[in-house]
Amino acid sequence: VFSASTPWVWYFSRGTGIVSIVLLTVSVALGIAQVTRLEARGWPRFVTSQLHKTASLTAVVFIAAHVVSVIADGYVNVRWGAAVIPFSSSYQPFWVGLGAVATDLLIALTVTSLLRQHIGARLWRTVHWTAYACWPVAFTHGLGIGTDTSLLWVRALSATCALAVVGAAAWRFTTFPATPRRPTVAAAGRR
Ligand code: HEM
């Protein structure tokens, strides 16, 4: 529908891609901090949940900008369908396909979270588990297709993001049960 041939669109798509993966990293880390009820003096829990929400929605905005600029870039031929239909792109089908999978998961995560009050906790939680798949898929997409993967600072940033997510997830699953258990009526009565 539209196409731009200036290299700035390409720089923009690379920049927004990198910012997106950093924001997704922050979002996953804060989501884990929220579910594990992490808090500290001067850092109440509502700050974590607000930041998790803000980081996630900001990531959605940057990913939208990333996708629009990739499609607008006249140098590569990526169409709208390729952004949401996995592995349908004629350009780099595998790597772009991973980006589409991550985008689909992110759309599901965002929609169910915004409608959480209406859809019930069980469905919301089931969908939210896919966040643990969304991040590695998006990360692999960036590493695989990125022009800037070979740059030292991009590698250092990627390693930092990976360490943050792997570390947070490892801590979450070793310290806390998969689904935090609510106290049973009997146990609550004993308090
Ligand atoms: C969760 C969603 C996504 C995230 C977090 C993400 C992230 C990234 C990152 C980090 C890069 C590497 C930038 C660089 O090193 O230069 C990248 C590159 C790229 N992405 Fe995505 N992406 C996502 C979705 C998509 C989708 C849906 C498409 C297809 C429309 C797409 C197409 C591309 C292309 C073509 C490049 C290569 C740009 C270049 O020439 O370097 N991405 N993405």
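Whatever order the structure lists them in is the order used to number ligands and atoms, beginning at 1. Values reported hereafter were calculated over all heavy atoms of this structure, with side chains retained and with hydrogens, waters and symmetry mates removed. Residue numbers start at 1 and run along the sequence shown.
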for atom 27 (C) of ligand 1, nearest protein heavy atom and its distance come out as T103 OG1, 3.2 Å
May I ask you to decide if the ring planes of F94 and F87 are parallel, tilted or perpendicular, using 30° and 60° as cut-offs? parallel
Give me the atom names and distance for the closest heavy-atom approach of Y91 to V96. O-CG2, 3.5 Å
Heavy-atom contact under 4.0 Å between L106 and ligand 1? no
Is ligand 1 less than 4.0 angstrom away from at least one heavy atom of V154? no
Hey, is W95 touching ligand 1 through its side chain, its backbone, both or neither, going by heavy atoms under 4.0 Å? neither
Should W10 and W8 be counted in the same cluster of Ile, Leu, Val, Met, Phe, Trp and Tyr side chains packed under 4.5 Å apart? yes
Do the non-hydrogen side-chain atoms of T48 and E39 ever get within less than 4.5 Å of each other? no
To the closest 0.5 Å, what do you measure between CD1 (I119) and CG (L123)? 4.0 Å
Contacts of type ring pair (Phe, Tyr, Trp, His ring centres under 6.0 Å), residue F139, not counting sequence neighbours: W135
In terms of residue, atom name and distance, what is the protein heavy atom nearest to atom 14 (C) of ligand 1? D148 OD2, 3.3 Å
Aromatic rings F173 and W129: how do their planes relate, parallel, tilted or perpendicular, breaks at 30° and 60°? parallel
Please list, in number order, the atoms of ligand 1 under 4.0 Å from a heavy atom of A83. 27 (C), 30 (C)
Closest contact, heavy atoms only, F62 versus T16: O-CB, 3.8 Å
Which ligand 1 atoms are under 4.0 Å away from a heavy-atom of A102? 1 (C)
Look only at the side chain of R155 and the backbone of T149, and say whether a donor-acceptor pair between them is shorter than 3.5 Å. yes
Using a plain distance cutoff, I'd like to know if T147 has any nitrogen or oxygen under 3.5 Å from a nitrogen or oxygen of ligand 1. yes
Heavy-atom pair with the smallest gap, counting every atom of H141 and W95: ND1-O, 2.7 Å
Taking 2.8 Å as the limit, list every protein N, O or S atom around atom 21 (Fe) of ligand 1, by chain and residue number. H66 NE2, H141 NE2
What is the nearest protein non-hydrogen atom to atom 38 (C) of ligand 1, stated with its residue, atom name and distance? R14 CG, 4.1 Å
Which atoms of ligand 1 are found less than 4.0 Å from any heavy atom of W10? 39 (C), 40 (O)
Is it true that F139 lies under 4.0 Å from ligand 1, counting heavy atoms only? no
Under 4.0 Å from one or more heavy atoms of V78, ligand 1 contributes atoms 30 (C)
Could you check whether S27 and S56, counting side-chain N and O atoms only, form a donor-acceptor pair closer than 3.5 Å? yes
Closest non-hydrogen contact found for V9 with S69 is CG1-O, 3.2 Å
